[in-house]
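Read the numbers this way: they start at 1 and go in the same order the structure lists the ligands and their atoms. From a predicted model like this one, the values you see are computed outputs, not experimental measurements.
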Amino acid sequence: MKILAIDTSCDETAAAVTRGTTVLSNVIWSQAFQHAEFGGVMPSLAQRMHEERIDWVVSKAITKSQIPITKLDAVAVTSGPGLAIALGVGITKAKELAGRLNIPLIPVNHIEGHLLSPMAEPSTKFQVPTSPTSLKLRGAGKQIQNSKSEIKFPALGLVVSGGHTELVLIKKIGEYQILAKTHDDALGEALDKAARMLGLGYPGGAILEKMAKFGDSKSYTLPMPMSQSPDKHSFSYSGLKTALLRLSASEGQVLIGEPPTLNKRQICDLAASFQNRAFQHLIRVISQTITDNNLSNVDLLVGGGVVANIDLRNRLRKMGKELGLKVRFPYSKKLIGDNAAMIGVAAGLKIKEIRNMKYEIGSIDRKATWAVDQDFSRE
Ligand code: KG4
Ligand code: ZN
């Protein structure tokens with residue numbers, strides 16, 4: 001099953017071609033640079049830029065995959081969650097293509113894409129195969145096998161992105177239960193806001209990481225989020241953010257979004273202290289939730305833009321060792337941030353289910369607030 005996948009949920013225009021869980025092409029055109037001067041994503045600008053680039057990105061993805069367009073079996077598209085007017089661009093293009101090629105159109109949840117992104121595999125087309133790859137979905141409680149690993153269900157999934165921070169129980173592909181989520185900001189959003197407070201620009205997570213590497217995380221004391229709360233299974237970043245705002249103001253930072261008035265040492269130390277607390281809180285809630293639900297000794301699939309952070313990956317690996325979890329990340333950086341290959345992979349993994357569903361192309365529409373545990377195909 002060869003799938004052309006499209007994602008325009010935020011500020012990346014993305015298209016990919018996948019076969020099962022194999023990624024044949026994965027083309028991403030980021031608009032982050034254009035949004036940087038506004039300090040965040042401008043929805044109307046995102047829509048315009050998606051419209052300008054979608055045809056180029058789609059045709060590049062098809063060319064790179066070396067699959068003729070007429071040989072595609074389905075089109076998959078992110079229908080939500082995301083910015084409604086941005087999602088609309090990808091959905092319109094996907095409907096046009098599926099209609100013209102007379103092939104099914106599969107709506108995919110963006111968070112499900114991030115959750116399943118560690119299951120994506122590189123194409124061996126141009127490599128000498130070292131061992132055979134056989135990848136089969138055999139249903140609930142069974143295994144998916146490939147040359148490298150076996151993923152058993154139920155498994156756990158963690159999504160840490162700019163819009164979501166969720167620990168999910170993956171009962172089987174397509175059946176999800178949210179075990180922990182954030183009360184307010186997502187982790188990536190909190191890192192972006194912290195970077196902005198320190199005058200580091202947008203998008204902030206990556207630059208905050210760079211600064212944090214040179215800083216001392218013990219130089220400033222920031223509060224541990226939710227430490228006094230009886231709710232041990234939720235994330236919260238708004239209090240930590242306010243604490244950083246106060247602290248940076250007391251250190252001399254003048255205005256949010258303005259160039260830094262702090263010196264480099266102060267910025268690096270504040271970045272390290274903030275990132276450390278934000279990650280400590282994340283790990284603490286995940287560990288507690290996993291322990292309280294007796295979920296040790298399972299696979300933990302981790303996806304979303306914040307996974308690009310090396311410190312976070314190390315902390316998750318360490319936690320995995322302590323709790324007996326097999327922690328799995330996507331095989332490439334291009335599968336970590338927003339991309340369409342993860343959408344194609346998610347659609348490919350659900351293909352049996354989808355074949356029986358017969359989505360009406362006309363009925364597929366954007367679902368800006370579609371939660372991953374809400375299955376709209378059964379609504
Ligand atoms: O998954 P993603 O590309 O888009 C959403 O679906 O939101 O995630 C974007 C988020 C942003 O908040 C960005 O700052 C964060 O991922 N991010 C990072 C790093 N690279 C991107 N956060 C921490 N360290 C990084 N190296
Ligand atoms: Zn995303």
Side-chain angles (χ1 to χ4, degrees), residues 5-14 16 26 28-33 35-36 39-41 43 46 77-83 86-87 90 108-118 120 157-166 168 181-182 184-198 200-213 215 235 237 241 271-272 274-279 281-282 301-316 329-330 332-343 345-346 368-372:
I6 296 175
D7 184 295
T8 59
S9 56
C10 192
D11 60 349
E12 262 91 31
T13 315
N26 188 12
I28 303 160
W29 194 332
S30 177
Q31 312 171 356
F33 182 72
H35 294 282
V41 180
V77 66
T78 299
S79 311
L83 295 172
L87 288 165
V108 177
N109 182 297
H110 182 81
I111 303 308
E112 185 176 22
H114 278 307
L115 269 184
L116 302 180
S117 60
L158 173 69
V159 175
V160 277
S161 70
H164 291 80
T165 306
E166 285 172 7
V168 177
K181 63 180 176 182
T182 178
D184 38 62
D185 291 350
L187 175 58
E189 186 181 2
L191 298 172
D192 289 341
K193 287 177 179 167
R196 192 148 184 254
M197 281 176 206
L198 300 177
L200 300 174
Y202 170 88
I207 175 106
L208 198 81
E209 177 185 27
K210 280 199 187 103
M211 295 296 165
K213 269 186 201 147
F235 309 101
Y237 288 103
K241 191 180 65 187
F274 185 86
Q275 192 184 267
N276 178 47
R277 267 289 184 258
F279 291 169
H281 170 56
L282 184 88
L301 313 188
V302 191
V306 189
V307 179
N309 191 292
I310 296 167
D311 182 16
L312 178 62
R313 289 208 298 272
N314 288 337
R315 290 180 196 234
L316 286 166
F329 302 108
S332 144
K333 202 168 174 197
K334 281 180 76 184
L335 283 153
I336 286 177
D338 284 347
N339 68 90
M342 66 182 191
I343 302 303
V345 167
T369 56
W370 182 10
V372 75

Trainee: If we set the cut-off at 4.0 Å for heavy atoms, which region of H110 has an atom near ligand 1: side chain, backbone, both, or neither?
Mentor: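 Under 4.0 Å from ligand 1, H110 contributes side-chain atoms alone.
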Trainee: Heavy-atom distances under 4.0 Å are what count here, so tell me which part of D192 touches ligand 1: side chain, backbone, both or neither.
Mentor: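 Under 4.0 Å from ligand 1, D192 contributes side-chain atoms alone.
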Trainee: List every atom of ligand 1 that sits less than 4.0 Å from any heavy atom of S161, numbering the atoms from 1 in the order shown and giving each element.
Mentor: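 Here the atoms of ligand 1 in question are 1 (O), 5 (C), 6 (O), 7 (O), 8 (O).
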Trainee: Under 3.5 Å, N or O to N or O, is H114 touching ligand 1 that way?
Mentor: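 For ligand 1, there is an N or O atom that lies under 3.5 Å from one belonging to H114.
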Trainee: Would H110 count as a contact for the Zn ion (ligand 2), in the sense that one of its N, O or S atoms lies under 2.8 Å from it?
Mentor: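 Yes, within the cut-off.
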Trainee: Do any nitrogen or oxygen atoms of G188 come within less than 3.5 Å of a nitrogen or oxygen of ligand 1?
Mentor: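 Yes; the residue has a nitrogen or oxygen that sits under 3.5 Å from a nitrogen or oxygen of the ligand.
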Trainee: For ligand 1, find out whether one of its N or O atoms is nearer than 3.5 Å to an N or O atom of G205.
Mentor: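 Yes, there is a polar N/O contact under 3.5 Å.
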Trainee: Answer yes or no for H114: is there an N/O/S atom below the 2.8 Å cut-off from the Zn ion (ligand 2)?
Mentor: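 Checking H114: at least one N, O or S atom is under 2.8 Å.
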Trainee: Could you measure the distance from the CG atom of L208 to the CG atom of N309? Nearest 0.5 Å is fine.
Mentor: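 Rounded to the nearest 0.5 Å, the CG-CG separation comes out at 8.5 Å.
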Trainee: Specify side chain, backbone, both or neither for V306, according to which of its non-hydrogen atoms lie closer than 4.0 Å to ligand 1.
Mentor: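 Within the 4.0 Å criterion, V306 contacts ligand 1 through backbone and side-chain atoms alike.
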Trainee: Compare all side-chain heavy atoms of N339 with those of E12 and state whether any distance is below 4.5 angstrom.
Mentor: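 Side-chain contact under 4.5 Å: no.
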Trainee: Just by modelled atom types, is the W370 backbone N or O under 3.5 Å from a matching donor or acceptor in the N109 side chain?
Mentor: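 Between the backbone of W370 and the side chain of N109 there is a qualifying donor-acceptor contact (under 3.5 Å).
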Trainee: At the 4.0 Å heavy-atom cut-off, does C10 count as touching ligand 1?
Mentor: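 For ligand 1, residue contact (heavy atoms, under 4.0 Å) with C10 is absent.
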